[in-house]
Amino acid sequence: MISDIGAALNFVINKGFQIHPDALKILEQIDVKELERIIKQIVKEKERQQLYLISQKDLESFLGIKEDEFIEDDHEIIYDPTPYIASAEGVQGFTALFTSRFNKLKRIMSNRPEAKMIKTVSAVLATKSKDEVYVCGLVTDRRTDRNVTKITLDDQTGIIETIVIDEELQKTASGLLMDQFVMEKIVASKNGGFIVKDIILPDIPDHAANRSKTEAYAVFVSDLHAGSKYFMEKEFTDMIAWLSSPDPIAKRVKFVILGGDVVDGIGIYPNQDKELVALNTADQLKLLYDILDKIPKHIKVFIAPGNHDPGRRALPQPAIPAKYCPDLWGRKNFFMIGNPAIISLNSVKVLIFHGQSVDDIVKTTPGLSYDKPAKVMQYLLKARHLSPIYGANSPLAPELEDYMVIDEVPDIFHAGHVHVVDLDLYKNILILNSGAWQSQTPFQSGVGITPTPAVAVLVNLKTFKVYTKDFTK
Ligand code: D5M
Ligand code: FE
Ligand code: ZN
């Protein structure tokens, strides 16, 4: 274990190396947490080259800390729901929302080859053709009785009940969510029913990945819960302080993304006040701001809300309103965005969603669990929708357009909410759940949620290498 500069020196000497004093000066500036990894990599590289003196130049080129190194920090906010949020009222609003959902997803589906054979439900019901046809629609019912699963689809022209008999397909069917968009290959049976031959989700097509030209880093965090007794203020403050350190990775951080639940909020759950250290929204945001204020001005910070933050509870959520914390809105390098949002960082498209729907999906889908949120996020990508189930725990607002449809294919999909760091790669998309900066709450221990708090997720936007940095150590 190389935990200080002396140990690093011993390690190098024992390997038969000499180290130049100027190189040592550089090593002294490196975060001790990174020392072991860096030393071992340099030694390995120099052994390969059979050169046994470690010079200042070696370290500089390995760490890439030439002062004049140019690293881009371009950003664009591609989509932010804040200005579009209208909330039509009543049933009228939800009809428009579901029509929009259907139309957007049908358009996405129409890029697939089978889509040319899609028939409307009304046409299928009218013609009773014996040929295989494709229909698509939102799932309005799903039930299993006596070894068959019945799925009802609504495509705006009509409603069709279809029957899944095949065992493998039943497994797929059991994972379907209410109100989710699917396409089915069906064939009419002799007794007038429609047998399902295939179930197809909109899914992510093959696509070109966007990458940064230079090795800029983005730091992904969420679920700080500032104002909670369980907010890990020291660890979060240490992380923010690390951004100003000479650590070669810290020097290349150009973006910080906060994916919601930045404060614990007020009245979010019963008796919450007993678990708070700051008792109003403004105080909680001030506590947060005073820490974020230490982020170097050259780093761009994007702040999106979660279910604990002020604004509105239903999805999509607008940015945290300025009235609670004008300072956050006033900072030139801070960008207040809604939930969900899409931003581009040096051309890398990042979809940011707090992740409220993960709860609903874990509860209704066999094989998915709280400790593997990346799997749930993969499911959302396949469904091309961030919150399919209507009427579950994560409320949807009756907008005229369904902003929760995943229209654009992202390069990074960032969520939080379940307080567990988890990573995955799906069709070139980096799926990333950023954990939390709140220790386990009594509620979470009661329901068996074990968080992995105080870990920052760092992504090199050029190579897509991901590092997790644990601030509890
Ligand atoms: O949610 C953190 C995690 O804990 C998330 O998976 C939901 C779960 N959670 C938290 N409070 C509740 C209640 N009251 N009911 C059900 N599930 C809950 P967070 O958004 O940070 O509170
Ligand atoms: Fe949270
Ligand atoms: Zn949350």
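All ligand and atom numbering here is 1-based and tracks the order in the structure. Worth knowing before you read on, the calculation uses all heavy atoms, side chains too, and leaves out hydrogens, waters and symmetry mates.
Taking the six-membered ring wherever Trp is involved, the centroid distance between the rings of F413 and Y426 does not fall below 6.0 Å. For an aromatic pair to be called close, the ring centres must be under 6.0 Å apart, and Y390 with F94 satisfies this. Residues H308 and H417 keep their aromatic ring centres 6.0 Å or farther apart. Ring to ring, H414 and F220 are close: their centroids are under 6.0 angstrom apart. Two rings, from H75 and F335, have their centers less than 6.0 Å apart.
Annotation: side-chain contact (heavy atoms from CB on, under 4.5 Å) contacts of I78 (sequence neighbours excluded): E76, I342, S344, K349, E408.
Without hydrogens or angle criteria, E184 side chain to C136 main chain gives no donor-acceptor distance under 3.5 Å.
Electrostatic pairing of D74 and K254 does not count as a salt bridge here, judged by no charged N lying under 4.0 Å from a carboxylate O. Electrostatic pairing of D166 and K197 does not count as a salt bridge here, judged by no charged N lying under 4.0 Å from a carboxylate O.
Considering all non-hydrogen atoms of both residues, Y217 and N460 come closest at OH-ND2, 3.3 Å.
Around ligand 1 you find D223, H225, D261, N307, H308, D359, Y370, H417, V418, H419, F443, Q444, I449, each with a heavy-atom distance below 4.0 Å.
Protein N/O/S atoms closer than 2.8 Å to the Zn ion (ligand 3), listed by chain and residue number, are D261 OD2, N307 OD1, H354 NE2, H417 ND1. For the Fe ion (ligand 2), the neighbouring protein N/O/S atoms at less than 2.8 Å, given as residue and atom, are D223 OD1, H225 NE2, D261 OD2, H419 NE2.
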**Request:** Using the side chain to side chain contact (heavy atoms under 4.5 Å, CB included) rule, take L97 and T95 through it: C-alpha gap first, then chi angles, then the decisive distance, then the call.
**Result:** CA-CA 5 Å; L97 180 77; T95 307; over 6 Å; no

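For K33, the NZ atom sits in a packed shell: over 12 heavy atoms of surrounding residues, nucleotides or ligands are nearer than 6.0 Å.
Relative orientation of the F236 and F231 rings is tilted, given thresholds of 30° and 60° on the angle between their planes.
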